[in-house]
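This report concerns only the one structure given below.
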Amino acid sequence: MRAETEDDGRIALIQSDIWIGFPRAEQVLDRLHGLIEMSRQTRMPGLLVHGASGIGKTMIARNLSRRYAPEYDPESGVTHTPLLLLQAPPAPDERRFYMHILAAVGAPSSTLSLKAQSVASLEVRVVGLLRDLGLRMIMIDEVHNLLAGTHREQRRFLNVLRYLSNELEASLVCYGVSEAVDAIRGDVQLARRLDEHHLPNWRDDAEFSDMIQTLIAAMPLEKKSNLQVRSLKQILALTGGVTSRIFALVSRSP
């Protein structure tokens, strides 16, 4: 087997997921940090982060999730979990969602029998468990998946999200494409609580130039990059200003 060379490691690092703390991402993280640290109340405010697929929503969610990773308290024997990051089920299914929560927090397998428990019993179990874990924020990625259901199914799923937020006094944060905004607005009470934060596609401006330079500086390139203004315009033209496409394009040219 060929031994890994220095170049192999360098290229692997370039092609891995790289967190770039550009201002638009840090702005969202600052808002989320404020939400998770604020005093608890029954009607906790939340946030709906929306934008094109690949614009960076999931990267932001994962970054915050790492900042608030579960911590085990040996004295109490309890693992404190301030934040729970979940992906919305492919369709607005309450049972599947509750089971997903139980699996995400490492509930014993004996509790994961879909057929043996009613939705009501799963609801009680989930609320009790999350309360014991000290949950302060629920983040739902790919929330636009609820659009796969009927209007009634969408409303029921949104009711579940609102109920969990109320019962646990936890902030609710949703991430999705812009089409999901109208679905969230279908629940007036929930929509009032979720401020909207739009992440636009990148444009040919100073912010984009700064982001590219920051991205390149974070990569262990073998040779100095010589990107010109024309190169930036070409990157935008090839990627449509979508963050994941930009990162992929730049990382393929180490």
Side-chain angles (χ1 to χ4, degrees), residues 14-33 35 46-67 85-92 137-149 151 154 157-158 161 171-187 190-191 193-216 218-219 227 229-253:
I14 291 172
Q15 294 177 341
S16 65
D17 288 337
I18 298 177
W19 169 255
I20 303 298
F22 42 86
R24 63 164 60 180
E26 293 295 343
Q27 182 183 10
V28 178
L29 284 171
D30 286 345
R31 296 187 68 177
L32 295 173
H33 178 77
L35 286 173
L47 192 65
L48 169 60
V49 183
H50 61 94
S53 178
I55 203 62
K57 302 180 296 294
T58 299
M59 290 182 66
I60 291 172
R62 289 177 178 173
N63 184 273
L64 188 74
S65 182
R66 287 192 292 270
R67 295 187 187 189
L85 173 59
L86 303 163
Q87 182 170 313
M137 177 176 285
I138 305 171
M139 294 200 300
I140 312 295
D141 198 12
E142 307 286 345
V143 74
H144 48 264
N145 285 349
L146 64 87
L147 296 173
H151 179 69
Q154 292 178 33
F157 190 77
L158 293 174
L161 297 183
S171 293
L172 175 65
V173 179
C174 297
Y175 302 84
V177 299
S178 295
E179 287 81 357
V181 174
D182 289 337
I184 295 293
R185 290 174 180 168
D187 186 307
L190 187 60
R193 265 189 258 168
L194 300 185
D195 287 341
E196 296 179 15
H197 189 109
H198 176 58
L199 290 174
N201 290 21
W202 295 94
R203 299 181 298 176
D204 185 13
D205 55 18
E207 183 186 23
F208 175 65
S209 178
D210 290 344
M211 185 273 285
I212 290 293
Q213 297 304 323
T214 303
L215 173 60
I216 292 173
M219 292 181 171
L227 280 178
V229 173
R230 181 181 301 177
S231 302
L232 297 180
K233 293 182 181 295
Q234 290 176 340
I235 290 174
L236 280 175
L238 290 170
T239 63
V242 174
T243 308
S244 61
R245 297 175 187 172
I246 294 169
F247 281 25
L249 180 63
V250 174
S251 66
R252 285 200 300 267
S253 304

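Please read these numbers as outputs of a predicted model, since none were measured by experiment.
- The side-chain heavy atoms of Tyr175 and Val143, taken from C-beta on, include no pair separated by under 4.5 Å.
- In this structure, Asp141 has no salt bridge (Lys or Arg N to Asp or Glu O under 4.0 Å) partners at least two apart in sequence or on a different chain.
- Counting only distance, with no hydrogens or angles, the side chain of Gln154 and the backbone of Gly149 share a donor-acceptor pair below 3.5 Å.
- Listed here is the closest heavy atom pair of Leu35 and Ser171: O-OG, 3.6 Å.
- In terms of heavy-atom proximity, Pro90 sits nearest to Ala148 at O-CB, 3.5 Å.
- Within the 4.5 Å cutoff, the side chain of Leu32 has heavy atoms near those of the Val173 side chain.
- At a threshold of 4.5 Å between non-hydrogen side-chain atoms, the residues Leu199 and Lys57 count as touching.
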Inset, instruction - Step by step, work out the side chain to side chain contact (heavy atoms under 4.5 Å, CB included) result for Ser209 and Leu232. - result: CA-CA 7 Å; Ser209 178; Leu232 297 180; 3.8 Å; yes
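- Atom CD1 in Ile184 sits 11.5 Å away from atom NE2 in His144 (nearest 0.5 Å).
- Looking at heavy atoms from C-beta onward, His197 lies out of side-chain contact with Leu48 at the 4.5 angstrom threshold.
- Rounding to the nearest 0.5 angstrom, the gap separating the CZ atom in Arg193 from the CG atom in Leu47 is 14.0 Å.
- By the 6.0 Å and 45° rule, Arg245 does not stack over the aromatic ring of Trp202.
- Listed by chain and residue number, His50, His198 satisfy the side-chain contact (heavy atoms from CB on, under 4.5 Å) test with Ser178 (two or more places apart in sequence, or in another chain).
- Between Cys174 and Leu194, the closest side-chain pair of non-hydrogen atoms falls below 4.5 Å.
- Under a 4.0 Å N-O distance rule, the pair Glu196/Arg185 qualifies as a salt bridge.
- Formation of a donor-acceptor pair under 3.5 Å by the Arg67 side chain with backbone atoms of Arg62 is not found in this model.
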Inset, instruction - Quick one: do Leu236 and Phe208 satisfy side chain to side chain contact (heavy atoms under 4.5 Å, CB included)? Show the steps, please. - result: CA-CA 9 Å; Leu236 280 175; Phe208 175 65; 3.6 Å; yes
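- In this structure, the side chains of Met139 and Leu86 stay at 4.5 Å or more apart for every pair of heavy atoms.
- Not one N or O on the side chain of Ser65 forms a donor-acceptor pair closer than 3.5 Å with the backbone of Ala61.
- Here the NZ atom belonging to Lys233 is positioned 13.5 Å from the CG atom belonging to Leu238, to the nearest 0.5 angstrom.
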Legend entry - Gln87 vs Glu142, side chain to side chain contact (heavy atoms under 4.5 Å, CB included): CA-CA, chis, key distance, verdict: CA-CA 6 Å; Gln87 182 170 313; Glu142 307 286 345; 3.8 Å; yes
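- Under the 4.5 Å side-chain criterion, counting only non-hydrogen atoms from C-beta, Val177 is not in contact with Ile55.
- The structure places CG of Leu64 at 13.5 Å from CE of Met59, a figure rounded to the nearest 0.5 Å.
- For the pair Ile246 and Gly241, the tightest heavy-atom approach, listed with the atom from each and the gap, is CD1-C, 4.0 Å.
- In this structure, CD1 on Ile212 lies 7.5 Å from CZ on Phe247, to the nearest 0.5 angstrom.
- With Asn145 contributing its side chain and Ala91 its backbone, the two residues share no donor-acceptor pair below 3.5 Å.
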Legend entry - Verdict with supporting geometry, Leu172 and Leu190, side chain to side chain contact (heavy atoms under 4.5 Å, CB included): CA-CA 9 Å; Leu172 175 65; Leu190 187 60; 3.7 Å; yes
